[in-house]
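Each residue takes its place number in the sequence, starting with 1.
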Amino acid sequence: MQELGRLDDLPVAYREALTARNLVPLWPSLRSVLPPGKPAQRTRPIHWSYEGLRPLLIQAGELTPIEKAERRVLVLANPGHGLEKMQASSSIYLGMQLLLPGEWAPAHKHTPNAVRMIVEGEGAYTTVDGEKCPMSRGDLILTPTGLWHEHGHDGTQPVVWLDVLDLPLVYYMEASYVTEGKAQTVIAEATERAYQRGGVVPSPIFARADKRFPMLRYPWADVRAALLALAAAQPGIEAVQVAYVNPENGADCQAILGFSALMLRPGETLRLPARSPAMVFHQIEGGSEISVDDSVFTLAEADTCCAPGYTPVTLKNRSADKPAFVFIADETPLHKKLGVYEVRA
């Protein structure tokens, strides 16, 4: 490939004249913004051990009352982006959030989309747009852009969940902000029950409910049962995986990030092709070994890891007699909307 001129090749006076007029020559930096063959990547393969972070999260609860934190979160930051950037990939933010018994995280709404994957504990709930969503391990709860949400805890033990947001992208677009609010009035509970059978949706006689996000809570019990049923019905299927979708139209449940659940059969090894989106893997049940390039991560329950895009990934169930269940978040919807989605052999 042709070698391009460097900035130092230009006379100082010329460079100063460009700077004075807020101008920059492209050719010295062209290969950094358009590298040949493959994007330049800051996202690194990285693993966060829940066993290692949990004591620090509990300690955060002792050190900082909820009134001083609003949201008591330890961010899972990727060092490739710089820890201060608080992002797991170019478009994904991850955080472990703690709510203690009797606490209430006040209502607000924000422009980034968020989901909550419940890690441990019972008795907590998230109220989203007036709908009260109980929190149990493995449940996925949506808090989409612009919807009021708050968290409360009526139980007796700490509750922890994994936050997944498209915050890095929305922040980069200079579109990220929050609006504070008051406690919501609960107007509905457990509306996801209306969508518990595939192919059947509520259909009032005169009009359908006009909600952008008709289903806000995806109970793990239902998702787990769907995975087991899929594995039993199609024993030859390449991957036992289900996607979290809008039950009214089948589209991704949110616009920017995609979410799915994967079951690794006992002893199974699954090789994923190199795709353009970055991926996050969170172990719900069992244990997995995940290989990303030269990095090999051993995931126990509640562990999380990140894989950059354009990189093949291999997942292996560490148990020979029990299935392993993994929650996956990735940037696929964004890449497809932008027309940059790519799969490499």
Side-chain angles (χ1 to χ4, degrees), residues 71 73 75-76 86-97 108-119 126-131 133 135 138-151 161-173 175-179 188 191-192 194-195 198 201 209-220 222-223 226 241-262 275-282 284 304 306 309 326-341:
R71 297 296 193 266
V73 178
V75 178
L76 282 56
M86 298 193 300
Q87 58 192 92
S89 76
S90 61
S91 303
I92 301 175
Y93 160 102
L94 301 174
M96 281 288 181
Q97 184 162 172
H108 67 198
K109 61 181 179 178
H110 43 64
T111 46
N113 294 280
V115 303
R116 327 290 177 179
M117 167 54 58
I118 315 308
V119 174
T126 294
T127 303
V128 188
D129 199 28
E131 180 176 334
C133 301
M135 292 174 147
D139 291 355
L140 185 73
I141 297 174
L142 310 186
T143 54
T145 177
L147 294 191
W148 292 106
H149 56 278
E150 61 195 84
H151 311 295
W161 62 85
L162 176 69
D163 291 323
V164 187
L165 283 77
D166 50 29
L167 175 62
L169 177 66
V170 178
Y171 179 79
Y172 177 78
M173 293 166 56
S176 179
Y177 71 94
V178 67
T179 303
T191 59
E192 75 277 354
Y195 296 96
V201 298
D210 184 20
K211 296 181 68 175
R212 288 179 58 203
F213 304 97
M215 188 167 172
L216 296 171
R217 176 176 178 257
Y218 298 73
W220 173 237
D222 296 340
V223 176
Q241 187 174 15
V242 295
Y244 294 91
V245 301
N246 182 321
E248 290 281 354
N249 56 27
D252 296 298
C253 67
Q254 291 191 344
I256 296 176
L257 301 180
F259 307 98
S260 63
L262 173 73
R275 304 186 310 141
S276 56
M279 305 180 73
V280 167
F281 303 92
H282 174 78
I284 301 178
T304 307
C306 180
V326 180
F327 169 68
I328 301 174
D330 68 20
E331 301 164 338
T332 297
L334 172 64
H335 281 225
K336 288 185 175 181
K337 287 180 173 68
L338 294 177
V340 298
Y341 180 79

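The shortest non-hydrogen separation linking Lys337 to Ala255 is NZ-O, 3.0 Å. Annotation for Pro333 and Ile256: closest pair CB-O, 3.6 Å, computed over non-hydrogen atoms. Considering every non-hydrogen atom in both Lys109 and Gly146, the closest pair reads CD-O, 3.5 Å. Across all their heavy atoms, Ala114 and Gln254 have their closest contact at O-NE2, 3.1 Å. Heavy-atom minimum distance, Ser89 versus Glu331: OG-OE2, 2.7 Å. In plain terms, the two heavy atoms of Val128 and Leu142 that are nearest each other are CG2-O, 3.6 Å.
Proximity of a side-chain donor or acceptor of Ser260 to a complementary backbone N or O of Ala243 within less than 3.5 Å is not detected.
Counting heavy atoms of neighbouring residues, nucleotides and ligands inside a 6.0 Å radius, atom CZ of Arg212 does not exceed 12 of them. Summarising the local packing, CZ of Phe213 is surrounded by more than 12 heavy atoms from other residues, nucleotides or ligands at distances under 6.0 Å.
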Inset, instruction - Assess whether side chain to side chain contact (heavy atoms under 4.5 Å, CB included) is satisfied between Met96 and Val73, documenting all intermediate values. - result: CA-CA 5 Å; Met96 281 288 181; Val73 178; 5.8 Å; no

Inset, instruction - Please assess Asp163 against Trp161 for the test side chain to side chain donor-acceptor pair (under 3.5 Å), listing each intermediate value before the final yes or no. - result: CA-CA 6 Å; Asp163 291 323; Trp161 62 85; 2.9 Å; yes

Inset, instruction - Dump the intermediate steps for side chain to side chain contact (heavy atoms under 4.5 Å, CB included) on Tyr93 and Asp166, then the final yes or no. - result: CA-CA 6 Å; Tyr93 160 102; Asp166 50 29; over 6 Å; no

Inset, instruction - Output, in order, the C-alpha distance, side-chain angles, deciding distance and verdict of side chain to side chain contact (heavy atoms under 4.5 Å, CB included) for Leu94 and Thr304. - result: CA-CA 9 Å; Leu94 301 174; Thr304 307; 4.0 Å; yes

Inset, instruction - Any chance you could lay out the side chain to side chain contact (heavy atoms under 4.5 Å, CB included) test for Met279 and Ile328, step after step, and finish with the verdict? - result: CA-CA 7 Å; Met279 305 180 73; Ile328 301 174; 3.7 Å; yes

Inset, instruction - Kindly determine whether Thr332 and Arg275 satisfy side chain to side chain donor-acceptor pair (under 3.5 Å), including the steps that lead there. - result: CA-CA 9 Å; Thr332 297; Arg275 304 186 310 141; 3.2 Å; yes

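Note that the CD atom of Gln241 and the CG atom of Leu262 stand 5.0 Å from one another [nearest 0.5 Å]. Between the OG atom of Ser91 and the OH atom of Tyr171 there is a distance of 15.0 Å, given to the nearest 0.5 Å. Expressed to the nearest 0.5 Å, how far CG of Leu165 lies from CD of Gln87 amounts to 12.5 Å. A distance of 9.5 Å separates CG in Asp252 from CG in Asn246, rounded to the nearest 0.5 Å. With rounding to the nearest 0.5 angstrom, the SG atom of Cys306 is 10.0 Å from the CG atom of Leu76. Distance check, rounded to the nearest 0.5 Å: CZ of Phe327 to OH of Tyr218 gives 11.0 Å.
The side chain to side chain contact (heavy atoms under 4.5 Å, CB included) with Arg217 is formed by just one residue from the set Ile141, Asp222, Thr191; it is Ile141. For the side chain to side chain donor-acceptor pair (under 3.5 Å) with Thr143, the lone residue among His108, Arg116, His110, Glu150 that qualifies is Arg116.
Between Met117 and Val164, the closest side-chain pair of non-hydrogen atoms is not below 4.5 Å. Counting heavy atoms from C-beta outward, Tyr172 and Val170 have side chains that stay 4.5 Å or more apart. Considering only heavy atoms from C-beta on, Pro219 comes within 4.5 Å of Glu192 through its side chain. Side-chain contact check for Ile284 versus Val326: every heavy-atom pair is 4.5 Å or farther apart. Contact check for Val245 versus Cys253: no side-chain heavy atoms found under the 4.5 Å cut-off. Taking 4.5 Å as the limit, some side-chain heavy atom of Leu257 sits within range of a side-chain heavy atom of Ile92. Residues Asp330 and Val280 are not in side-chain contact: their nearest non-hydrogen atoms beyond the backbone lie 4.5 Å or more apart.
Relative orientation of the His149 and His151 rings is tilted, given thresholds of 30° and 60° on the angle between their planes.
A salt bridge is defined here as a Lys NZ or Arg NE, NH1 or NH2 lying under 4.0 Å from an Asp or Glu carboxylate O, and Asp129 with Lys211 fails to meet this definition.
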